[in-house]
Undergrad: 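Can you keep this structure in mind? I'll have questions shortly.
Sequence positions, counted from 1, serve as the residue numbers for this chain.
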Amino acid sequence: MYTAHPGRYEQMPYRRTGRSGLKLPALSLGLWHNFGPDRPVETQRAILRRAFDLGITHFDLANNYGPPPGAAESAFGEALKVELRPYRDEMVISTKAGYLMWDGPYGEWGSRKYLLSSLEQSLSRMGLEYVDVFYSHRPDPDTPLEETMGALHSAVQQGKALYVGVSNYSPEQTREAARILAGLGTPLLIHQPRYSMLDRRPEETGLLDALDELQVGSIVYSPLEQGLLTSRYLDGIPEGSRAASDSPFLTAEKVTPELVGHLRALNGIAAARGQSLAQMALAWVLRGGRVTSALVGASSPQQLEDSVAAIGNLDFSDDELSRIDEIVRAAAG
C-alpha cells in the first residue's frame, strides 16, 4: 500500500490562484499523452506516486486525454482507487470538456447538454463525486457564451465542481466569460493557455494583462513546446521522438537546422545557469509570478524529477532575459 512521503510539502512552492483561496503547486502534472493503454500501468502509477511525493498536488486531465479519449481519466481513476484515495483531499483534480468525444451534434464544443453530460462521464471514469476545477476546453463559435458559462455555473451549483476555468479563450472572450460568471455568482478561477519561450501569444495578445486585471489565475500548457525546449533536439531529430513520428503536434519540417542552432544557443544560457534547457524553459514561464502553475508531462518518474528541479532557480537576470529574447526573435525569423 502506497504511503506518501512525509516531506512532500517542504520544497514545492504553492501559489495563490487569482483572488481565490486555492493554491496550486508551481508545477502541475498533465495527463495528456502518457496515460493510455499503450503505456505500462505500473509506469503510469509510478509517475503519479512520484509526483505526489514531490509536492505536485494538482493533476490536470480532460475528457479527450489518452489516447484513446477517456483513457487518461480511467487510468487516473484506477490509480486513485488502488493507491491514492486516502489523499484525495490533498489533491486538486481538474478536467475539461470541449473537444470531440462522441458522435452526433452533442459530442463536442460548448453547449449545456455536452458540457454537463461530459462531466458526468468524467466523474464516472474517475470514480469521483466532484472535480476541483471544471474547464470549458475551447470557445464555441456557435453557442452563446452565456450558455457555456451557465453550464459551468450549474456544475458548481450541483456540487460536481468546486471551481471553473476556461482554456484557449482570447483576452476578449476571457473578459466576457468572467463578467458572465461574476453575474451568476461563480467566479472565473483560472485560464489555461499555451505559453512558452517560443510561443509568446499570451503576452502579445494581452491575455496575461487581462488575467492580472481580472485577478484570474493561469496555468500554462506546452511550456516545453512539445519537447523542442529539451535536450532531445539539440543534435537534430532523434529516432523515437515526437518530430520523428506522425504526430500533428510537432512535425519534422519545423525542426530546421536554423532552429536547432537557436535551441543550442538557449541551451548555452541554461548551462550557465546550472540548468538543463527544459528546466530553464519551465523557470522562464514561472518567472515573476504572473503564471500560477506550469503543466508538465512525464513518461517516467525520472523525467518528472528533472522538471521539478527547475524550481531551484526561478530568477533571471536582465541580461539573461535579454539574450533569450534575442535568440527567440531570431528563431521566429
Side-chain angles (χ1 to χ4, degrees), residues 17-24 28-32 35 57-66 69-74 76-77 80 88-89 91-102 106-140 143-169 173-174 176-193 211 214 216-221 292-293 295:
T17 311
R19 64 189 298 267
S20 77
L22 184 69
K23 293 182 178 180
L24 292 180
S28 299
L29 181 64
L31 281 73
W32 178 38
F35 288 82
T57 53
H58 180 211
F59 300 89
D60 180 78
L61 299 106
N63 59 358
N64 64 325
Y65 287 179
E73 289 179 330
S74 295
F76 183 77
L80 192 66
R88 168 62 181 102
D89 290 340
M91 297 177 178
V92 173
I93 301 170
S94 62
T95 197
K96 315 176 197 74
Y99 288 92
L100 181 64
M101 277 300 290
W102 59 85
Y106 321 119
E108 63 179 325
W109 294 108
S111 71
R112 178 180 182 85
K113 178 171 178 56
Y114 166 68
L115 289 174
L116 295 180
S117 297
S118 179
L119 179 56
E120 289 288 352
Q121 293 182 21
S122 292
L123 293 174
S124 177
R125 282 189 288 265
M126 291 188 282
L128 295 173
E129 295 180 357
Y130 69 93
V131 290
D132 296 281
V133 188
F134 182 47
Y135 288 87
S136 167
H137 207 165
R138 59 173 174 171
D140 182 347
T143 297
L145 195 56
E146 288 81 1
E147 178 175 338
T148 300
M149 294 304 106
L152 297 185
H153 170 66
S154 291
V156 173
Q157 294 298 104
Q158 293 168 6
K160 295 173 182 176
L162 301 185
Y163 302 93
V164 299
V166 297
S167 182
N168 300 308
Y169 278 51
Q173 290 166 333
T174 302
E176 183 63 5
R179 184 193 68 79
I180 294 167
L181 285 168
L184 295 170
T186 297
L188 178 62
L189 173 79
I190 195 166
H191 189 298
Q192 187 173 132
L211 298 180
L214 295 167
V216 169
S218 59
I219 179 166
V220 300
Y221 70 90
T292 311
S293 184
L295 281 165

Undergrad: Taking the cut-offs as 6.0 angstrom to the six-membered ring centre and 45 degrees off its axis, would you call R138 and Y99 a cation-pi pair?
TA: yes
Undergrad: Yes or no on side chain to side chain contact (heavy atoms under 4.5 Å, CB included) for M91 and L80, after CA distance, side-chain angles and deciding distance?
TA: CA-CA 11 Å; M91 297 177 178; L80 192 66; 4.1 Å; yes
Undergrad: Taking all atoms of both residues into account, what is the closest heavy-atom pair of P139 and W109, and its distance?
TA: O-CZ3, 3.4 Å
Undergrad: What verdict does the side chain to side chain contact (heavy atoms under 4.5 Å, CB included) test give for V216 and V166, after you've listed the backbone C-alpha separation in whole Å, the side-chain angles of each residue and the deciding distance to 0.1 Å?
TA: CA-CA 10 Å; V216 169; V166 297; over 6 Å; no
Undergrad: Between H191 and L211, what is the shortest heavy-atom contact and its length?
TA: CB-CD2, 3.8 Å
Undergrad: Can you tell me how far CD of Q157 sits from CG of L152, rounded to the nearest 0.5 angstrom?
TA: 12.0 Å
Undergrad: Are a donor atom and an acceptor atom from the side chains of S293 and S28 found within less than 3.5 Å of each other?
TA: yes
Undergrad: Determine whether V156 and L162 satisfy the following criterion, side chain to side chain contact (heavy atoms under 4.5 Å, CB included), listing intermediate values before the conclusion.
TA: CA-CA 6 Å; V156 173; L162 301 185; over 6 Å; no
Undergrad: Check whether N63 reaches the backbone of A97 with its side chain - one donor and one acceptor, N or O, closer than 3.5 Å.
TA: no
Undergrad: Do R112 and E146 meet the salt-bridge criterion of a basic N to acidic O distance under 4.0 Å?
TA: no
Undergrad: Step by step, work out the side chain to side chain contact (heavy atoms under 4.5 Å, CB included) result for I93 and R88.
TA: CA-CA 9 Å; I93 301 170; R88 168 62 181 102; 3.7 Å; yes
Undergrad: Locate the shortest heavy-atom distance separating Y130 from G159; write the atom from each residue and the value.
TA: CB-O, 3.4 Å
Undergrad: Are the side chain of S154 and the backbone N or O of G150 linked by a donor-acceptor pair below 3.5 Å?
TA: yes
Undergrad: Show the nearest heavy-atom pair for residues G110 and T148, with the distance to one decimal.
TA: O-OG1, 2.7 Å
Undergrad: On the 0 to 90° scale, with breaks at 30° and 60°, tag the F59-F76 ring pair as parallel, tilted or perpendicular.
TA: tilted
Undergrad: Side-chain contact test, heavy atoms from C-beta onward, threshold under 4.5 Å: evaluate it for L145 versus I180 and give yes or no.
TA: yes
Undergrad: Please round to the nearest 0.5 Å and tell me the distance separating atom OG1 of T186 and atom NE2 of H153.
TA: 4.5 Å
Undergrad: For L29, is there any backbone N or O sitting under 3.5 Å from a side-chain donor or acceptor partner on H58?
TA: no
Undergrad: Does the pair Q192 and D60 meet the rule for a side chain to side chain donor-acceptor pair (under 3.5 Å), with working shown?
TA: CA-CA 10 Å; Q192 187 173 132; D60 180 78; 3.2 Å; yes
Undergrad: Do Y135 and L115 come close enough that some side-chain heavy atom pair is under 4.5 Å?
TA: no
Undergrad: Donor-acceptor pair, distance only, cut-off 3.5 Å: does the side chain of R125 make one with the backbone of E73?
TA: no
Undergrad: Which value, rounded to the nearest 0.5 Å, describes the distance between M101 atom CE and S117 atom OG?
TA: 11.5 Å
Undergrad: With no hydrogens and no angle check, is any side-chain donor or acceptor of T57 less than 3.5 Å from a backbone partner on V92?
TA: no
Undergrad: Would you name the heavy atoms of L61 and M126 that are closest together and state the gap between them?
TA: CD1-SD, 4.0 Å
Undergrad: Can you tell me how the ring of Y114 sits relative to the ring of W102, calling it parallel under 30°, perpendicular over 60° and tilted otherwise?
TA: tilted
Undergrad: Which heavy atom of N64 sits nearest to which heavy atom of H137, and what is that distance?
TA: OD1-CE1, 3.8 Å
Undergrad: Answer yes or no: is there a side-chain heavy-atom contact under 4.5 Å between L181 and P187?
TA: no
Undergrad: Tell me whether K113 forms a cation-pi arrangement with Y106, defined as NZ or CZ under 6.0 Å from the six-membered ring centre and within 45 degrees of its axis.
TA: yes
Undergrad: Just wondering, do K96 and S136 contact through their side chains at under 4.5 Å, heavy atoms?
TA: no
Undergrad: Pair T95, Y65 - check side chain to side chain donor-acceptor pair (under 3.5 Å), show working.
TA: CA-CA 10 Å; T95 197; Y65 287 179; over 6 Å; no
Undergrad: Going from CG on L295 to CH2 on W32, what distance comes out if it is rounded to the nearest 0.5 angstrom?
TA: 11.5 Å
Undergrad: Are the side chain of T143 and the backbone N or O of D140 linked by a donor-acceptor pair below 3.5 Å?
TA: no
Undergrad: What distance do R179 atom CZ and L184 atom CG have between them, rounded to the nearest 0.5 Å?
TA: 9.5 Å
Undergrad: Nearest 0.5 Å, what's the OG-CD1 distance between S94 and I219?
TA: 6.5 Å
